[in-house]
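Report on the following structure.
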2 protein chains.
Amino acid sequence: MATAIQHQGQLTKPPGALGRLEEIAIRLAAMQGHPRPTLERIQIVLFAGDHGVTAEGISAFPPAVTAEMVRNFARGGAAINVLARQIGAPLEVINLGTLEPLEPIEGVTQLPLGPGTANFTRQPAMDPFQLARALHMGRHSAERARRAGAQLFIGGEMGIGNTTAAAALACALLEEAPTHLVGPGTGLPAARVAHKRRVVERALSHHRAHLNSPVEALRRLGGFEIAGLTGALLACAHIGLPVLVDGFICSVAALTAARLCEGAEQWFLFAHRSAEPGHGRVLAALAAEPLLDLEMRLGEGSGAALAVPLLQAACRLHGEMATFATAGVSAAS
Amino acid sequence: MATAIQHQGQLTKPPGALGRLEEIAIRLAAMQGHPRPTLERIQIVLFAGDHGVTAEGISAFPPAVTAEMVRNFARGGAAINVLARQIGAPLEVINLGTLEPLEPIEGVTQLPLGPGTANFTRQPAMDPFQLARALHMGRHSAERARRAGAQLFIGGEMGIGNTTAAAALACALLEEAPTHLVGPGTGLPAARVAHKRRVVERALSHHRAHLNSPVEALRRLGGFEIAGLTGALLACAHIGLPVLVDGFICSVAALTAARLCEGAEQWFLFAHRSAEPGHGRVLAALAAEPLLDLEMRLGEGSGAALAVPLLQAACRLHGEMATFATAGVSAAS
């Protein structure tokens, strides 16, 4: 990091003129252990899973959409497919359990842990075995990415109902009221957001005796894909693979990882500020300042994939610009 | 635009979930006159020129840096070179007049209008012939870009002292006090910013009888590169070539173009919010909401080049995503 800071100060530009791109290059230099970081190989891993809490009517879309979107990912028609192609990143899709079982699909890794989670207003979302498996699948995906030479890990998610699960989990971890963390998700009108908030209140009340432990909060209020992401992010921090965190759901997984392993967040960069209103509280708890704010609220890892060229630009500027000395440019007076 | 709006609403994502990328795709569709816009060919044109007002000690860097940076552009060592390579965009460098004459340099178009502008605290920055030539060079650059098949025009600038000229011009056009528009530029400490503000106050006072006319304000307070940019942007609006506007200097040129030709701004997209504090006022006057806010303050067109992948993503998402019908995905309930 010290070498990178010194080099950055010699580039032919006024000091600080590249703004946050300078900090990004320096952080990536530190994470890669190299004064001239590069970002050529990016791995995107998208976890899908359904949520029993959809029985409470908390989403604008029916849970069947989770499985339908997995097929859409496999055929290359979703937003994350377009963005992955743009940045030349492979996309791995892992089905951790849709409500209706999926047929074998080329390009989708099928590791279902059940027909979605249980309805967490009445019982824990996952049993201990499901949680352990989901964390494990996430960890394996990070280790595969590292073995394949990835220099950056992006996690994505698809799961109708998962803003409800993420909001409930964030409430537990942050000890915040649902009013600050429950939002419209895929596009609920205000009256249905109020209902969604009451559903989260009921869930928090039901599990309140067990929410002091982050791992127990994740098991009771999370989802298969949120646990998969959490396992992936913990492993990335463990093996030293930088992570570019997407929006609300992924940030809650990042927060969970940071609560499970202090310091894990040092390996996380944050791509964008979601339109989901609760995202701000989660980012603040992680002292995270994302790069983009484009009012996106899609998930899938889309905001992270969109931010990749910014990180690549930061690395290239840091590595390719001339210095004042080599270019014969005068310094400030 | 109507066709593009309808198509955008059928893509496999919750309505609005791609945030500002949806609006960008729709605006580019309207500008290109095609419901599926594309952005494969981008032209960057960088205008360089020196400023007589540097004699007043308003910059952290000596004016020799303008010519030194032109050489750096020609050798590919500046930030804009790195960013242009990243997006595969040709970069044209036009020297409109450095303080010290430049030797012939491969890759630099030499069209010097003088050894920099005159010191505008005492006389007009340009004579009418210089202004006309600078506007004309700008117009030609836009027409060349269009003939070469460009789908997007990015203007860049290099000129030690040009935040002073741009601030003075913006004060005249917006009838604002220098206190709101004069900032640290390449990095002046607070005491020198106060001095820079007084220099602008003196200039505005000297020319005050002539500043009601935008073209006269440009001639008296602008610079060769600012006039070149203004001519380029006017021509882009005239020939229907979308522009991605960079930071403070380019936005003042965009404002000048909009004052010279009402409606020109409909062809302008705004890339980023500069760290230069006066940029906000200029953007507000143009009702512009830039895409990025990364605390950059470099110029050269760097913020615009950095934002290109966002526009390309907007176009690709709009053009390549599956629709609910073709993908068999259920709609919201």
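Sequence lines set the chain letters: A, B, ... in the order given, protein chains first and strands last, and positions in each chain run from 1.
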Determine whether a donor-acceptor pair (N or O, by modelled atom type, separation under 3.5 Å) exists between the side chain of [X] and the backbone of [Y].
| X | Y | answer |
| --- | --- | --- |
| B:Asp50 | B:Gly116 | no |
| A:Ser251 | A:Leu283 | no |
| B:Arg192 | B:Ser59 | yes |

Below 4.5 Å, heavy-atom pairs only: which of [options] has the largest tally toward chain A?
| options | value |
| --- | --- |
| B:Pro15, B:Gly16, B:Ser302 | B:Gly16 |
| B:Thr186, B:Leu11, B:Ile160 | B:Thr186 |
| B:Thr326, B:Val65, B:Ile24 | B:Val65 |

Max heavy-atom pair count under 4.5 Å with chain B, selected residue of [options]:
| options | answer |
| --- | --- |
| A:Ser274, A:Gly187, A:Ala79, A:Gly303 | A:Ala79 |
| A:Pro14, A:Ala17, A:Ala67 | A:Ala17 |
| A:Ser330, A:Pro309, A:Gly319 | A:Ser330 |
| A:Met296, A:Gln86, A:Arg316 | A:Gln86 |
| A:Val82, A:Ile87, A:Leu292 | A:Val82 |

Go through the atoms of [X] and report whether side chain, backbone, both or neither lie under 4.5 Å from a heavy atom of chain B.
| X | value |
| --- | --- |
| A:Arg75 | side chain |
| A:Gln312 | both |
| A:Ala313 | both |
| A:Leu18 | both |

Does this structure show an ion pair linking [X] with [Y], if we count only N-O contacts that are shorter than 4.0 Å?
| X | Y | answer |
| --- | --- | --- |
| B:Lys13 | A:Glu300 | no |
| A:Arg273 | A:Glu289 | yes |
| A:Arg20 | A:Glu23 | yes |

Heavy-atom distances under 4.5 Å only: say whether B:Ala327 touches chain A with side chain, backbone, both or neither. both

Using non-hydrogen atoms and a 4.5 Å limit, figure out which bit of B:Phe324 sits close to chain A: side chain, backbone, both or neither. side chain

As an exercise, state the distance from OG1 of A:Thr164 to CD of A:Glu56, rounded to the nearest 0.5 Å.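 These two atoms lie 10.0 Å from each other.
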
Atom pair CD/OG1 of A:Gln10 and A:Thr12 - distance to nearest 0.5 Å: 11.5 Å

Does the plane of the ring in A:His7 sit parallel, tilted or perpendicular to the ring in A:His318? Use 30° and 60° as the thresholds. perpendicular

